[in-house]
Amino acid sequence: MGIKAALPRYELYVYNTVVYLGMLWAASWIFDVSSSNVNRKTFKSSVTPGWYYFGRRMDTADFEWVMWFSTYRDHILFALSGHVIFAKICSMLAPQHRSLMYMCYGTLAVLVTMGWTYTTLILSHCVLLYSISLVKLRWLCFLAGLTTLSTFKMEPFISWQAGFVTGDFELRSVLFYGGCGFTIMRCMSFALENCEKKEGNYSILELLKYNFYLPFFFFGPIMTFDKFYAQANKADLTRKEGAIWNISLQGLVHLGAILTVDILFHFLYILSIPTDMKLLKHMSDWAVVGLAYCNLVYDWVKAAVLFGVINTVSRLDHLDPPQPPKCITMLYVFSETHFDRGINDWLCKYVYNYLGGKHDTVWDEAIATLCTFGITVLWLGPCQVVFIWAFFNCFGLNFELWTSKFICMEPFASLEMAMSPAMSRRIRAVFNTFNFWTIVLYNVIALNSLEFTKLVAKRLLLKGFPITTITVFIVTYCLVQLIKERERRQALINDPDPVPPPTPSAVINIDFLQCFKQKLCFIANHVKLPLL
């Protein structure tokens, strides 16, 4: 049935109530565990003194979050603020050369931060992949790019290349791997777009402009070369009405999200608790299940905020960067599951959609997903956890296609057509509920650990059966229905239903009134009424 199938309003009210009560109940369990174990020895390094106003300790287990918004906040703000000011001056004085000025500022920032030997290493990779792109063979560009990327994932190549970074500061390894990894992906995008160019080649200067754009250089997101080239060289720099207001509002939203997360870290130790398996074994089923869900939501918030801050800066430069990832709360299918929309867009454009075509055959879908997750494993770094995560997500994506094709066969198609749209939506939501928790469990593997994932699955499906299992699935079913309702409303906005034609009686009445009106006008124009 269609996505526009509606449910009664009272039913949606019930779903909202169940979801909010379930989330509050799980959060209360996590809060109790956090408060009663604040002085636990295993939390000594990750739970540190927090804000003075709260008088509570704060969860600081996520190095990336602490790096961005505590330890190196001033350094990152200084670099991005300098870029914004420099970019604004260049846009006012020489808008036609602004992409070149962005490159100069980015190269200078990398040179000052990482040293001239690291900058030379980056330039050598750019020159190498640019030279290979001139051959205009897609398979050769892929082979060269993936081989180069693999040199940052295995010894002795890692140590040798890491030696090009001068200085000994805490961010050294983070900036090294981030800058090199994203450089290779950007160079591959350039090479593949150059293969598609029918006449001539893009210049190496365009590659350097693309790669050394500072907001994207170290931490992403990745914007494919074709989009960056078109937007960075756009002559018209006028903005739509209210664009600056929307950018400012977006910045305030990100600031509010940062403050909200920091406040919650004082009360819910959702990152430190999963590292203590002894404590987890004594927690309630609701606390363990809620902890797994909260970890996925937090990872989405982190990705949305980190990329959102960078995207706000790039929008000031008249670019349209990749959108934030879709929240796990709004997901119930594998095909929409990703935490980095830039990498997702890159993989879809050059691998998944290129090999899979229309994604209407099982074999093409299997080849496309295997190649896509193979490159993803190389990007994340081959290890046991990444292999397991990739296997289950690849299987889930293919299983969705197999299931959708199976349901379209007889007699299932006839049975669904005989149902009302609302009933079809309810039945589909039941199956989507199971899919939701497979997505949660498969991705908890990558975000936490295999041991924590096993514990969550055991509590949800075995030890907690039937009370916890049924209760959690009822709450999840209500959540899936709310997601479907949001999708229905968005579909009505994007594609509103056509206005039904008037009934025949209404058409006759309208025609009669129009004819009567015409006769009155004729009489008024041709008949002279006597004066009173």
Side-chain angles (χ1 to χ4, degrees), residues 61-80 82-83 102-130 144-191 207-223 302-303 306-307 309-310 313 339-340 342-343 346 375-383 385-386 446:
D62 189 350
F63 166 78
E64 194 172 16
W65 183 271
V66 174
M67 174 194 72
W68 264 83
F69 304 115
S70 296
T71 312
Y72 291 95
R73 176 185 56 205
D74 297 337
H75 299 79
I76 295 172
L77 283 176
F78 177 78
L80 293 179
H83 172 86
Y102 297 162
M103 182 200 74
C104 293
Y105 180 85
T107 306
L108 181 62
V110 174
L111 185 64
V112 171
T113 306
M114 304 295 286
W116 69 270
T117 52
Y118 175 80
T119 308
T120 304
L121 175 66
I122 294 295
L123 287 172
S124 66
H125 284 299
C126 292
V127 172
L128 173 64
L129 292 174
Y130 175 77
L146 296 178
T147 302
T148 307
L149 183 63
S150 64
T151 61
F152 294 98
K153 309 295 180 181
M154 62 179 69
E155 293 290 354
F157 304 104
I158 299 176
S159 301
W160 178 71
Q161 294 182 94
F164 285 92
V165 182
T166 58
D168 187 18
F169 50 96
E170 191 176 0
L171 274 182
R172 179 177 178 268
S173 60
V174 176
L175 297 181
F176 169 76
Y177 288 111
C180 292
F182 282 113
T183 291
I184 301 304
M185 299 300 280
R186 283 189 289 263
C187 288
M188 288 179 66
S189 176
F190 174 88
L207 172 58
L208 297 180
K209 292 178 184 178
Y210 172 48
N211 186 61
F212 282 97
Y213 178 67
L214 183 62
F216 294 164
F217 184 81
F218 288 112
F219 304 109
I222 289 179
M223 179 187 288
K302 181 177 72 172
L306 295 184
F307 290 138
V309 171
I310 295 174
V313 174
F339 292 93
D340 184 343
I343 292 291
W346 193 100
I375 295 175
T376 306
V377 167
L378 184 60
W379 166 252
L380 296 175
C383 63
V385 171
V386 173

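Across Thr183 and Cys126, no two heavy atoms sit closer than the pair CG2-SG, 4.1 Å. When all heavy atoms are compared, the tightest approach of Tyr118 to Gly179 is OH-CA, 3.3 Å. Minimum interatomic distance between Pro215 and Ile310 (heavy atoms only, all atoms of both residues): O-CG2, 3.1 Å.
Judged by distance alone, the side chain of Tyr105 and the main-chain N or O of His83 form a donor-acceptor pair under 3.5 Å. Put simply, the side chain of Thr113 never gets that close to the backbone of Val110: no donor and acceptor are under 3.5 Å apart. Using modelled atom types, no side-chain atom of Tyr130 and backbone atom of Ala191 make a donor-acceptor pair closer than 3.5 Å. One N or O on the side chain of Trp346 and one on the backbone of Met185 form a donor-acceptor pair closer than 3.5 Å.
With contacts defined as side-chain heavy-atom distances shorter than 4.5 Å, the pair Leu149/Met188 does not qualify. Taking the side chain as every heavy atom from C-beta outward, Phe219 and Val174 approach each other to under 4.5 Å. Within the 4.5 Å cutoff, the side chain of Tyr213 has no heavy atoms near those of the Met103 side chain. Proximity of Ser189 to Tyr210: side-chain heavy atoms (C-beta onward) are separated by under 4.5 Å at one or more points. Residues Arg186 and Phe217 form a side-chain contact, since some pair of their non-hydrogen atoms from C-beta on lies under 4.5 Å apart. By the 4.5 Å heavy-atom criterion applied to side chains, Leu80 and Ile76 are counted as neighbours.
Atom CD1 of Ile122 sits about 11.0 Å away from atom OG1 of Thr107, to the nearest 0.5 Å. Leu146 CG to Leu378 CG: the interatomic distance, rounded to the nearest 0.5 Å, is 6.0 Å. From Thr151, atom OG1 reaches atom CE of Met154 across 8.0 Å, with rounding to the nearest 0.5 Å.
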ask   = Taking it one step at a time, do Thr376 and Leu380 satisfy side chain to side chain contact (heavy atoms under 4.5 Å, CB included)?
value = CA-CA 6 Å; Thr376 306; Leu380 296 175; 4.0 Å; yes
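When the side-chain contact (heavy atoms from CB on, under 4.5 Å) test is applied to Ala109, the partners found at least two apart in sequence or on another chain are Leu214. Shown here are the side-chain contact (heavy atoms from CB on, under 4.5 Å) partners of Phe152, two or more places apart in sequence or in another chain: His125, Gln161, Phe176, Cys180, Ile184. Annotation: side-chain contact (heavy atoms from CB on, under 4.5 Å) contacts of Val377 (sequence neighbours excluded): Pro382, Val386, Phe387, Ala390. Evaluation of the ring-ring contact (aromatic ring centres under 6.0 Å, His included) rule for Phe182 yields Trp379 as partners, not counting sequence neighbours. Residues passing the side-chain contact (heavy atoms from CB on, under 4.5 Å) test with Leu123, sequence neighbours excluded: Thr119, Leu208, Phe212.
Applying the salt bridge (Lys or Arg N to Asp or Glu O under 4.0 Å) test to every pair with at least one member in residues 209-219, sequence neighbours left out, gives these pairs: Glu206-Lys209.
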